[in-house]
Amino acid sequence: MLMKRRIAAMVGKAATEAQRQGALPPGPVPEIEVERPQNPEHGDFAVSLPLKLARAARMSPMAIAQRLAPLLPTEESILEVNIAPPGFLNFSVRQQWLQAQVEEVIREGERFGNLSQELPQRVQVEFVSVNPTGPVHVGHARGAVLGSGLASILAAAGHQVTKEYYINDAGAQMSAFYRSLYARYLQALGREAAMPENGYMGDYLVELGKEVASEYGERLAGMPEVEAVSATGKLGLEKMLALIRADLSSIGVTFDVWFSETSLYQSGQYQETMELLKQTGYLAQREGAIWFASTLLGEDKDNVLVRSTGEPTYFASDIAYHRHKFLAQGYDRVINIWGADHQGHVSRLKAAVGALGVEPKRLTIIISQLVTLKQGTEAVRASKRKGNIVTLRELVEEVGADACRFFFLSRSPESQMEFDLELAKQQSADNPVYYVQYAHARIASILRLARERRLNWSGGDVTLLVDPAELDIIRKMLHLPELIETMAERLEPHHLPRYAMDLATAFHWFYQQCRVVSSEPSDHAITLARLKLVDASRIVLARCLSLMGMAAPEWM
RNA sequence: GCGCUCGUAGCUCAAAUGGAUAGAGCGCAGCCCUGCGAAGGCUGAGGUCGCGGGUUCAAGUCCCGCCGAGCGCACCA
């Protein structure tokens, strides 16, 4: 059990015991929160319960702290408790316990940091889901990295996670894509063909058109137009998806499921969903269209599900998709990551999910703010239709996958960011990611040297690790499981890069302070102990890097 | 106009749940390798946490107002 939990339990018990003895007046005890003080002088953990109890108990916080402290079972020889004004209970772990944790880390190896949930959830994380009408660009990269990082963290926290990509392969945008590609294909064959209105003007479609032309020649052009458009489009869709998949996997973003919107119609799930909605009484027919009466559920307005043309809207298929997620697939929890431009869609989808009889709380939608592109001082709007986008591919080529991941992973989803490719290129050279990876490479180098000298540190005596720099690393390593817990609870992967930096700093400082591999015979024992610590540091650092989806290099 | 999100160091961003002295990277001024990787370590300068109220023992964090930015307010997705 995490030390944090143990302390919370101890304090809770002490509080009820104090009330039983009459040392504290009876009354409800608030949930006990265990914090990590910033200032090391305040120990390793802090509890501010006395401050919170003071008013109700009509006692000074210090007095409460003084009555609670003796009731805490410190004889475990793990913890030391101090009372600090204005009423904190500060806990410090004992050195021996810290030292022993080095063995613990090594024992757990690459599983270190993993949590086991009493009630593991089946969680689906759906993210990116870029329309397959064009390549992935920088804006999407943010959600992609966020989603994959979040999925790793939830899995580490003990949940069963599925990463899913929703392919919007139906609807008006897709048909515009089909027609655009068909025009480009004809043009590639040297024929006159006008681009459709609202067509996709990007160069990538010109390329795609040429590709189709070189692979299929005149064959498609010879077909009746409707069939030709459809056949060309389907080829284009497959090619586009392959491209998207490849680009995403170049920054370590992969999916377990690629779910097709069209399949909702083919499998009858769409029809079933509409039937279900009809039964709930939330459907309304008016002006020739079918509406979802979301105003009945407190929404600002109703929304069209089926246009007067008979065509379903995106909203309709999205409801069917979410019925699929919850009712067919049976996920306990679904997390969608959307760009801020879809923010207006959040509450109505939740309302619709509720109408299907699913507790809306089971659906979490994380809105990540859009990335605004900048060229010098000028803001540029990224548009797939107009074709002025910085693609993910360009970004990865210029900046590198690891730097790219670290960059996006470091920022909280709600931060609005400006992205300047020139600046990103320039910054990639001194990107903090290398600081973390350098620590790992340095460790690998130390361990290489030790092996060359035939040193076996498995019997190293951890009680020799007493230098503040050594103890600092151990303390820092032990933060990881707690961090995974809070990141999983709050769905905030962005704490991880910073933690990795902190851990690397602790290691670099240790390296500066303590000679690890020493040739002095009298240093043999401490050398083995330190090698053990270095090995443990490697494990934790590598775990961070792997959770972030980045390489843990042995050399740089 | 209404709704959602954001405003922290010169720049890019943190601050875990409301906690004790607001941090890091880059940039800037210095210092440290004749033993394990200097892509490193150390020191320093740099802040009215957009502005004004409020709640609280305690507010960058919660509430209200104002200013500013992004996004949304379709029978688009």
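So that the names make sense, note that chain A is the first sequence line, chain B the second, and so on, each numbered from 1. Just so it is clear, the values below take in all heavy atoms, side chains as well, and ignore hydrogens, waters and symmetry mates.
- Closest contact between the side chain of A:E414 and the listed nucleotides B:C6, B:C36, B:A16 involves B:C6.
- Note: CG (A:N39) to P (B:G19) measures 15 Å, nearest angstrom.
- Ring centroids of A:Y438 and A:Y435 are separated by 6.0 Å or more, keeping the two rings apart.
- Between the CD atom of A:E485 and the P atom of B:A16 there is a distance of 16 Å, given to the nearest Å.
- Closest contact between the side chain of A:Q369 and the listed nucleotides B:U12, B:G70, B:G19 involves B:G70.
- With no hydrogens or angles considered, a side-chain donor-acceptor pair links A:N336 and A:H322 at under 3.5 Å.
- Between the OH atom of A:Y435 and the P atom of B:A38 there is a distance of 13 Å, rounded to whole Å.
- The side chain of A:K52 sits closest to B:G19 out of B:G19, B:A77, B:G37.
- The CG-C1' distance, from A:D44 to B:A16, rounds to 16 Å in whole Å.
- At the heavy-atom level, A:F315 lies nowhere under 4.0 Å from the strands shown.
- Nearest heavy-atom pair across A:L264 and A:S317 is CD1-O, 3.5 Å.
- The side chain of A:M556 lies closest to B:G37, out of B:G19, B:G37, B:A20.
- Residues A:D318 and A:H345 have side chains that bring a donor and an acceptor to within less than 3.5 angstrom of each other.
- One donor-acceptor pair, N or O on each side, does fall under 3.5 Å between the base of B:A20 and the side chain of A:N90.
- Neither OP1 nor OP2 of B:U21 sits under 4.0 Å from any side-chain N or O of A:H42.
- Residue A:H495 has a polar side-chain atom (N or O) positioned under 4.0 Å from OP1 or OP2 of B:A15.
- Evaluation of atom-type donor-acceptor distances gives a pair under 3.5 Å for the side chain of A:S48 against the base of B:G19.
- Distances from the side chain of A:H479 to the nucleotides B:C36, B:A16, B:G40 place B:A16 closest.
- Between the CD atom of A:E287 and the P atom of B:A74 there is a distance of 14 Å, rounded to whole Å.
- Among the nucleotides B:A16, B:U21, B:C75, the one closest to the side chain of A:S308 is B:C75.
- For B:G37, neither phosphate oxygen OP1 nor OP2 lies less than 4.0 angstrom from any side-chain nitrogen or oxygen of A:Y434.
- In this model, no side-chain donor or acceptor of A:H494 finds a partner on the base of B:A14 within 3.5 Å.
- When each of B:A16, B:C13, B:C71 is scored by its nearest atom to the side-chain atoms of A:D341, the top-ranked nucleotide is B:C71.
- Comparing atom distances between the A:Y438 side chain and each of B:G40, B:G72, B:U5 picks out B:G40 as nearest.
- Across all their heavy atoms, A:A551 and A:Q437 have their closest contact at O-NE2, 2.9 Å.
- Minimum atom distance to the side chain of A:R515 is reached by B:C36, of the listed B:C6, B:C73, B:C36.
- For A:L370 and B:A69, the CG to C1' distance is 13 Å, given to the nearest whole Å.
- Look at A:T486 and you won't find any side-chain N or O under 4.0 angstrom from OP1 or OP2 of B:A16.
- Proximity of A:S412 to the phosphate of B:A14: a side-chain N or O atom is located under 4.0 Å from OP1 or OP2.
- Side-chain proximity of A:E41 to B:U21, B:G25, B:G37: nearest is B:U21.
- Summarising the geometry, the separation between CG on A:N303 and P on B:A74 is reported as 10 Å, rounded to the nearest angstrom.
- Taking 4.0 angstrom as the limit, A:S415 places a side-chain polar atom (N or O) nearer than this to OP1 or OP2 of B:A14.
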